[in-house]
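There's a structure below that I have some questions on.
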Amino acid sequence: MEMLAMGKYGVYVWTCFGLTFTVLVTCVVQARRRHRAVLREVRRHMQLTETDE
Amino acid sequence: MWTFFHKLASPPHFYGLAGKFIPWFAAIGLPLVAYGTWAGLFIAPPDYQQGDAFRIIYVHVPAAYLSMLAYMVMAIAAGIGLIWRMKLAHAVAASAAPLGAWFTFLALATGSIWGRPMWGTWWEWGDPRLTSELILLFLYLGYMALRAAIDDGTKADRASAVLALVGAVNVPIIHFSVEWWSSLHQGPTLIREGGPAIAGDMLYPLLAMIFGFSFLFGALLLMRVKSEVLYRERRARWVRRLATESAGAA
Amino acid sequence: MLAVGLAAAGVLIATALTLRAFQDNMMFYVEISDAVAGNVPEERTFRVGGLVVENSVRRQPGELEVAFDLTDLEDELTVRYAGILPDLFREGQGIIAHGRLDENGQFVADEVLAKHDENYMPPEVADSLAKHAAAKQAAAEAGDAAQ
């Protein structure tokens with residue numbers, strides 16, 4: 001428990017680490033979302049060109 | 001040699017290759033970051049002046065380092081794209097920008113949180129190190145805004161590449177700002193004459209974090225480049241086949 | 001499109017303002033020797049930086065105000081400050097103070113910021129370093145920082 005307190009700097013240290021890992025996870029989520037969005041976009045485009053033919 | 005480059009630059013080949021590298025980068029980066037976080041928080045001794053507050057170094061320094069590395073990747077890729085008209089290079093540059101912006105944000109935020117108890121201020125307007133890092137964030141945001149503003153893909157690539165190259169002067173300014181001007185920020189600890197000025201127990205977790213973050217950045221960059229390549233090649237048959245297959249799997 | 005244009009304009013303005021702050025910051029940093037000689041910006045606050053002189057920190061009992069001497073290793077300037085000092089503030093430490101001179105030639109600070117050096121080590125290691133060697137090093141670094 002004492003280890004988690006980080007002296008009197010617990011709030012500062014934990015906020016920094018929390019923020020960092022939140023951003024890293026956000027980066028992964030964003031990258032995956034973008035990938036799925038592009039694939040969706042390609043499929044939509046394919047359907048449009050099919051109906052034209 | 002040239003056939004290797006041509007093959008690498010061919011979108012479907014690159015797409016497959018990137019997909020193979022991503023799990024490896026993650027498999028190297030994640031354990032390094034896990035060790036660095038644990039050792040940095042619980043094993044490294046507190047600093048003689050800063051006590052436990054110094055542990056913020058384990059996220060602040062990797063973030064700051066990557067904010068500059070990502071910019072170098074972006075600027076070099078943009079330069080290659082501009083000179084050799086290589087579309088893949090532009091895709092790399094465009095993919096590096098949002099990641100670099102996130103790491104810059106992290107460096108500024110963790111630095112600010114560190115500065116409050118140690119220096120006595122969240123932010124010092126006009127401080128050289130703080131100013132140059134903030135301008136780095138503006139460069140990333142400007143780069144992304146410029147790309148988003150131009151509908152024509154080729155024009156967006158060229159214009160944003162010029163901005164990326166011009167902005168590259170800021171990177172050495174960030175590094176040397178603490179030596180050139182009087183800054184609240186201390187001088188370099190790791191890259192300096194006479195070797196790192198940090199005790200071994202404190203250094204190893206820091207190095208693990210820096211390398212770990214670099215590999216995670218590599219994995220994230222490749223993930224983004226993959227999407228970027230797909231979008232740019234959206235009319236190609238291989239992409240269409242891939243999209244159809246992925247629809248079946250989903 | 002409009003949103004992107006606004007964003008780009010925002011980025012430009014922010015950069016200009018930031019550079020302006022940087023310029024101000026550079027302009028209104030005053031050497032201790034100049035402050036002692038009275039060569040300071042009129043009608044405006046400015047910053048001084050230097051080392052806190054050993055055994056110079058004076059506190060009035062029951063009052064928040066603290067006074068200490070700041071040195072560039074040549075001249076000394078008395079600084080008065082009523083506020084919370086940063087955790088790294090201590091004698092021998094490099095600090096930057098923001099404020100103005102009063103009629104007695106003393107510096108009245110509205111903000112005191114502490115610098116630290118680039119060395120990181122456990123407390124035991126720091127203790128075992130010879131005391132005079134540490135003092136010498138700190139003095140040399142503060143000399144660099146003041147330049």
Side-chain angles (χ1 to χ4, degrees), chain A, chain B residues 22 26 33 37 40-42 46 50-60 62-63 95 98-99 102-103 105-107 109-118 209 213 216-217 219-236 239-240 242-247 250:
Chain A
M1 236 17 245
E2 202 184 308
M3 270 161 79
L4 299 180
M6 296 293 159
K8 52 176 179 166
Y9 301 116
V11 181
Y12 301 100
V13 173
W14 289 112
T15 308
C16 283
F17 276 77
L19 196 63
T20 302
F21 287 102
T22 308
V23 167
L24 281 181
V25 170
T26 307
C27 282
V28 175
V29 171
Q30 277 185 342
R32 289 210 168 144
R33 229 180 241 168
R34 168 87 185 136
H35 196 75
R36 280 199 298 271
V38 170
L39 286 175
R40 248 195 325 269
E41 169 80 20
V42 173
R43 283 197 292 272
R44 202 176 55 90
H45 196 255
M46 279 165 71
Q47 275 166 0
L48 284 178
T49 44
E50 267 166 26
T51 48
D52 285 352
E53 281 163 6
Chain B
I22 291 168
V33 169
T37 303
L41 284 173
F42 304 117
Q50 305 190 39
D52 287 306
F54 109 94
R55 299 184 195 282
I56 294 171
I57 201 175
Y58 296 110
V59 286
H60 176 71
S95 306
L99 296 173
W102 272 122
F103 284 116
F105 163 76
L106 267 187
T110 56
S112 176
I113 296 169
W114 197 358
R116 178 62 251 193
M118 292 297 111
M209 285 302 250
F213 269 62
L216 292 187
F217 166 70
L220 285 166
L221 181 67
L222 288 180
M223 282 168 80
R224 281 191 166 271
V225 176
K226 273 177 74 181
S227 313
E228 191 71 29
V229 167
L230 279 193
Y231 184 72
R232 282 157 190 258
E233 299 282 314
R234 59 190 177 276
R235 289 181 191 84
V239 174
R240 297 185 153 209
L242 205 123
T244 322
E245 282 166 13
S246 74

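Computed from a predicted structure; not experimentally measured. Residue numbering restarts at 1 for every chain, and letters A, B, ... go by the order of the sequence lines.
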Fill in: Nearest-0.5 Å distance that lies between atom CZ in A:Arg40 and atom OG in B:Ser246
10.0 Å
Worksheet entry | Set of residues satisfying side-chain contact (heavy atoms from CB on, under 4.5 Å) with respect to B:Leu216, sequence neighbours excluded | A:Leu24, B:Leu30, B:Val33
Discussion item. Using 0.5 Å steps for rounding, measure from the NE2 atom of A:His45 to the CZ atom of B:Arg235.
Written reply: 5.0 Å
Worksheet item: Measuring from B:Phe213:CZ to A:Thr20:OG1, what's the distance to the nearest 0.5 Å?
Response: 5.5 Å
Worksheet item: Checking heavy atoms, do the side chain of B:Gln50, its backbone, both or neither come under 4.5 Å from chain A?
Response: backbone
Discussion item. Testing the basics here: between A:Met6 and B:Leu41, what is the closest heavy-atom pair and its distance to 0.1 Å?
Written reply: CE-O, 3.3 Å
Worksheet item: When heavy-atom pairs shorter than 4.5 Å are enumerated against chain A, which of B:Val59, B:Val239, B:Thr110 gives the highest number?
Response: B:Val59
Discussion item. With a 4.5 angstrom heavy-atom cut-off, is it the side chain or the backbone of B:Phe54 that approaches chain A, or both, or neither?
Written reply: neither
Worksheet item: Among B:Leu99, B:Leu106, B:Thr37, which residue forms the greatest number of heavy-atom pairs with chain A at distances under 4.5 Å?
Response: B:Leu106
Worksheet entry | Gap separating the SG atom of A:Cys27 from the CZ atom of B:Phe217, nearest 0.5 angstrom | 10.0 Å
Discussion item. Holding to side-chain contact (heavy atoms from CB on, under 4.5 Å), I want the full list of residues that pass it with A:Tyr12, two or more places apart in sequence or in another chain.
Written reply: A:Tyr9, B:Ile56, B:Ile113, B:Arg116, B:Pro117, B:Trp122
Fill in: Residue among A:Leu39, A:Val42, A:Val38 satisfying side chain to side chain contact (heavy atoms under 4.5 Å, CB included) with B:Tyr231
A:Val38
Practice prompt. Identify the heavy atoms of B:Ser227 and A:Ala31 that sit nearest to each other, and give their distance.
Written response: OG-O, 4.1 Å
Item to complete: Start with the C-alpha gap between A:His35 and B:Lys226, add the side-chain angles, then the distance that decides, and say whether side chain to side chain contact (heavy atoms under 4.5 Å, CB included) holds.
Response: CA-CA 8 Å; A:His35 196 75; B:Lys226 273 177 74 181; 4.3 Å; yes
Practice prompt. Identify which part of B:Ala63 has an atom lying under 4.5 Å from any heavy atom of chain A, answering side chain, backbone, both or neither.
Written response: neither
Practice prompt. Assess B:Arg55 against A:Phe17: is NZ or CZ under 6.0 Å from the centre of the six-membered ring, and within 45 degrees of the ring's axis?
Written response: no
Worksheet item: So, the side chain of A:Arg43 versus the backbone of B:Ala243: is there a donor-acceptor pair under 3.5 Å, distance only?
Response: yes
Discussion item. Distance check, rounded to the nearest 0.5 Å: B:Leu220 atom CG versus A:Gln30 atom CD?
Written reply: 10.0 Å
Discussion item. Does any backbone or side-chain atom of A:Val13 lie under 4.5 Å from a heavy atom of chain B? Answer side chain, backbone, both or neither.
Written reply: both
